[in-house]
Amino acid sequence: MLDLKQIRENPAAIQELLDRRGAGQHDLQPLIQLDQQQRELEQQRSQLQARSNEIGKLVGKKIKADPQGTEVQALRDEGNQIKIELSGLEPQEKDLKAQVEALLLTFPNLPHQSVPIGSSEEENVEVRRWGDEYIPQNPQILPHWEIGEKLGILNFERATKVAQSRFVTLIGKGAALERALISLMLDRQTQAGYLEVIPPFLVNSQSLTATNQLPKFAEESFKCSQDDLWLAPTAEVPVTNLYRDDILPLEQLPIYHCAYTPCFRREAGSYGRDTRGLIRLHQFNKIELVKLVHPSTSAVEHENLVKDAEAILQALKLPYRVIELCTGDLGFGAAKCYDLEVWLPSSGKYREISSCSNFGDFQARRGSIRFKEAGKKGTQFVHTLNGSGLAVGRTMAAILENYQQPDGTIQVPDVLQPYLGVKTLGLKNQ
RNA sequence: GGAGAGGUGGCCGAGUGGUUGAAGGCGCAGCACUGGAAAUGCUGUUUGGGGGCAACUUCAACGUGGGUUCAAAUCCCACCCUCUCCGCCA
């Protein structure tokens, strides 16, 4: 959520930053007008209320001396008069306030000054590339879904029968490989200083609002119709919301968490895209890294978060590149974002495997996550950051392709061998 | 699902209509005492919105939303949540 005070004081500057995401898409003007109306009403209302409070106190005093006195009656009459006026004013102001709030929630975050300006993903910037030497030279590499089904470790048909399209069943060593990846990632990230949590996988609307999925992206999540509960689209939601409405003592910052959770996404609007394989499923596993930090450190924390995610790809010797998203491609809540893209030989492309964002105080404001510095008056919003470390299904896809041997077996990456107990995946492993 | 209890400040906990943003305690901060500390004493200690350069001022908040009243933490209604017991179940 943007800072209303900032918008009031500096509308042109804020508008300019919003326009970097796409000119004319986010007009502050209606918001500014509503806000002004609301404040005018609030002034009127609180003045009336002040008088009403005064009357209440006076009556209390006088009624002891002379319950039937004319003075008391006069005050009561005035009180009633004010009540009538308030009954008109109050709902109006409340309504305006709700409108301001609702409108404010629809504005995306301001891109950080350092974010390259651009209108689409075409203008994203490659920051660095790693592992060129690990790019396989074998031209015969099968797409991961084909080799996976051949080896009997992935099955899409049966998953479709059980649920729907865009689900998968992992079988035998496929399931074990997924589990091994989860363990590897959690082990590495906890060693890097992230405190592991297993949060609820269902979250309420308030939580989704704090982390930007609501109100704008309701159709992206699965909702439980009987309850105010949704299937979490990412662990970012439950983990960040562990601290919703908290005022943290300064000493508690920074907070680092990692979490393994399944993630559930409706993928509405992506019909026809990545229909095959593990790339875009309704349910997938992910290790998420979440940080809550002091605002002055968030830029450095962001760079470090990216490195922590990269460390997994490096450990697995999977070729990847780091992309910085331009203003036009930046996610709704992000102030700055790097994507990690892993090399997928079958399509000859880099594909997103992690997205690492700095949200600044955008989410903290929505979720009221603050900290207090001893001695200083008032509270400040923390900065929140998160990134995948990594998407497990996509990692599996990358392994099934990059480690695919000419004989159709899969070499198990060195770091995974202790977890999996075998060096290759082949037919005999079924 | 059935029965009961309960939701008050960072925490514990009092408060059943009147000047209570809320006793008391704990915790925390400052000061005094001390060589230093403990103990003790005193003082302070919620958050959010509006107005103001500021000092300050005003409104709101005792689970949430309504209602009664000049006045509600306190009364009424609805909802949510937590706990205990019973039932069912992994």
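Per chain, numbering begins at 1; letters A, B, ... match sequence-line order. If you're wondering where the values come from, they're calculated on a predicted model, not measured in any experiment. Heavy-atom basis, side chains included; hydrogens, waters and symmetry copies ignored.
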*Asks:* In whole Å, measure the gap between the C1' atoms of B:rG17 and B:rG13 for me.
*Replies:* 22 Å
*Asks:* With both distances under 3.5 angstrom, what nucleotide forms a Watson-Crick or G-U wobble pair with B:rU74?
*Replies:* none
*Asks:* Expressed in angstrom and rounded to an integer, what is the separation of A:Arg76 atom CZ from B:rU69 atom P?
*Replies:* 11 Å
*Asks:* Give none if B:rG35 has no partner; otherwise give the nucleotide forming a Watson-Crick or G-U wobble pair with it, both distances under 3.5 Å.
*Replies:* none
*Asks:* Could you measure between the two P atoms, the one in B:rG51 and the one in B:rU43, and give it in whole Å?
*Replies:* 36 Å
*Asks:* How close or far is atom P of B:rU64 from atom CG of A:Asn204, stated in whole angstroms?
*Replies:* 16 Å
*Asks:* Which salt bridge (charged side-chain N to carboxylate O under 4.0 Å, His left out) pairs, counting each pair once, include a residue from residues 92-111 of chain A, with sequence neighbours left out?
*Replies:* A:Glu42-A:Lys97, A:Arg45-A:Glu93
*Asks:* Determine the Euclidean distance between corresponding C1' atoms of B:rC12 and B:rU8; express it in Å to zero decimal places.
*Replies:* 12 Å
*Asks:* Give me the residues of residues 82-101 of chain A where at least one heavy atom lies under 4.0 Å from an atom of RNA chain B, by number, or none.
*Replies:* A:Lys83, A:Lys94, A:Lys97
*Asks:* A:Gln44 CD to B:rA60 C1': how many Å, rounded?
*Replies:* 17 Å
*Asks:* Suppose we screen for side-chain hydrogen bond (donor to acceptor under 3.5 Å, both in side chains). Which residues come up paired with A:Gln363, at least two apart in sequence or across chains?
*Replies:* A:Glu236, A:Thr384
*Asks:* B:rG17 pairs with which nucleotide, Watson-Crick or G-U wobble, both distances below 3.5 Å?
*Replies:* none
*Asks:* Should the pair A:Phe217 and A:Phe332 be assigned to parallel (<30°), tilted (30 to 60°) or perpendicular (>60°) ring geometry?
*Replies:* perpendicular
*Asks:* Pick base, sugar-phosphate or nothing for A:Thr379, based on heavy-atom distances below 4.0 Å to the nucleic acid.
*Replies:* sugar-phosphate
*Asks:* Which heavy atom in A:Pro238 sits nearest to a heavy atom in A:Ala232, and how many Å separate them?
*Replies:* CD-CB, 4.1 Å
*Asks:* Counting heavy atoms from C-beta on, name the nucleotide in B:rC70, B:rC59, B:rU19 closest to the side chain of A:Asn80.
*Replies:* B:rC70
*Asks:* When you compare B:rG15 with B:rU74, how far apart are their P atoms, in angstrom units rounded to a whole number?
*Replies:* 15 Å
*Asks:* Name the residue closer to the 5' end of RNA chain B, choosing between A:Arg370 and A:Gln47 according to the nucleotide with the nearest heavy atom.
*Replies:* A:Arg370
*Asks:* What does B:rG1 pair with, Watson-Crick or G-U, if both distances are under 3.5 Å?
*Replies:* B:rC86
*Asks:* B:rU69 P sits how many Å from A:Ile63 CD1, rounded?
*Replies:* 15 Å
*Asks:* With A:Tyr256, which residues qualify under ring-ring contact (aromatic ring centres under 6.0 Å, His included), at least two apart?
*Replies:* A:Tyr194
*Asks:* Could you tell me how far B:rG52 sits from B:rC31 if I compare only their P atoms? Round to whole Å.
*Replies:* 36 Å
*Asks:* Check the distance between B:rA71's P and A:Leu48's CG and give it to me in whole angstrom.
*Replies:* 13 Å
*Asks:* If the condition is side-chain hydrogen bond (donor to acceptor under 3.5 Å, both in side chains), which residues does A:Asn80 pass it with, not counting sequence neighbours?
*Replies:* none
*Asks:* Answer yes if the side chains of A:Glu196 and A:Tyr260 hold a donor-acceptor pair under 3.5 Å, and no otherwise.
*Replies:* no
*Asks:* According to the ring-ring contact (aromatic ring centres under 6.0 Å, His included) rule, which pairs have a member within residues 144-193 of chain A, sequence neighbours left out?
*Replies:* A:Phe167-A:His282
*Asks:* Please determine which of A:Ser357, A:Ser355, A:Ser388 meets the side-chain hydrogen bond (donor to acceptor under 3.5 Å, both in side chains) test together with A:Asp339.
*Replies:* A:Ser355
*Asks:* Once you apply the 3.5 Å cut-off to both distances, tell me the Watson-Crick or G-U wobble partner of B:rA61, or none.
*Replies:* B:rU46
*Asks:* How would you list, by chain and number, every residue that makes a ring-ring contact (aromatic ring centres under 6.0 Å, His included) with A:Tyr243, sequence neighbours excluded?
*Replies:* A:His257
*Asks:* If you assign each of A:Asn53 and A:Gly60 to its closest nucleotide in RNA chain B, which residue comes earlier from the 5' end?
*Replies:* A:Gly60
*Asks:* Please check the phosphate of B:rG18 (OP1 and OP2 only) for any side-chain N or O of A:Lys62 closer than 4.0 Å.
*Replies:* no
*Asks:* Say we look at B:rA5 and B:rC56: how far apart would their P atoms be, to the nearest angstrom?
*Replies:* 48 Å
*Asks:* Go ahead and name the base partner of B:rA22; Watson-Crick or wobble counts if both distances stay under 3.5 Å, otherwise write none.
*Replies:* none
*Asks:* With sequence neighbours excluded, tell me which residues meet salt bridge (charged side-chain N to carboxylate O under 4.0 Å, His left out) with A:Arg8.
*Replies:* A:Asp35
*Asks:* Paired with B:rG6: which nucleotide, if any, by Watson-Crick or G-U wobble criteria at under 3.5 Å for both distances?
*Replies:* B:rC81
*Asks:* Rounding to an integer number of angstrom, what distance separates B:rU46 and B:rC83 when you compare their P atoms?
*Replies:* 30 Å
*Asks:* What integer distance in Å separates A:Leu34:CG from B:rG49:P?
*Replies:* 19 Å
*Asks:* A:Asp228 near the nucleic acid: base, sugar-phosphate alone, or nothing, with a heavy-atom cut-off under 4.0 Å?
*Replies:* nothing
*Asks:* Select base, sugar-phosphate, or nothing to describe what A:Arg51 touches, counting heavy atoms under 4.0 Å on all strands.
*Replies:* nothing
*Asks:* Would you mind reading off the distance between A:Asp246 atom CG and B:rU47 atom C1', rounded to a whole angstrom?
*Replies:* 14 Å
*Asks:* Between A:Gln73 and A:Asp77, is there a side-chain donor-acceptor contact under 3.5 Å, judged purely by atom types and distance?
*Replies:* yes
*Asks:* Considering only the P atoms, how many Å lie between B:rU57 and B:rG36, rounded to the nearest integer?
*Replies:* 39 Å
*Asks:* Looking only at the side chain of A:Ala50 (C-beta and beyond, no hydrogens), which of the listed nucleotides B:rU19, B:rC59, B:rC70 gets closest?
*Replies:* B:rC59
*Asks:* In whole Å, what is the span from the CG atom of A:Leu41 to the C1' atom of B:rG49?
*Replies:* 14 Å
*Asks:* Any protein N or O atoms within reach of nucleotides 50-56 of chain B? Criterion: under 3.5 Å, listing atom names and distances.
*Replies:*
| from | atom 1 | to | atom 2 | distance (Å) |
| --- | --- | --- | --- | --- |
| B:rG50 | OP1 | A:Arg8 | NH1 | 2.6 |
| B:rG50 | OP1 | A:Arg8 | NH2 | 2.8 |
| B:rG50 | O4' | A:Glu42 | OE2 | 3.3 |
| B:rG51 | OP1 | A:Arg39 | NH1 | 2.6 |

*Asks:* Both distances below 3.5 Å, Watson-Crick or wobble geometry, any strand: find the nucleotide opposite B:rU68.
*Replies:* none
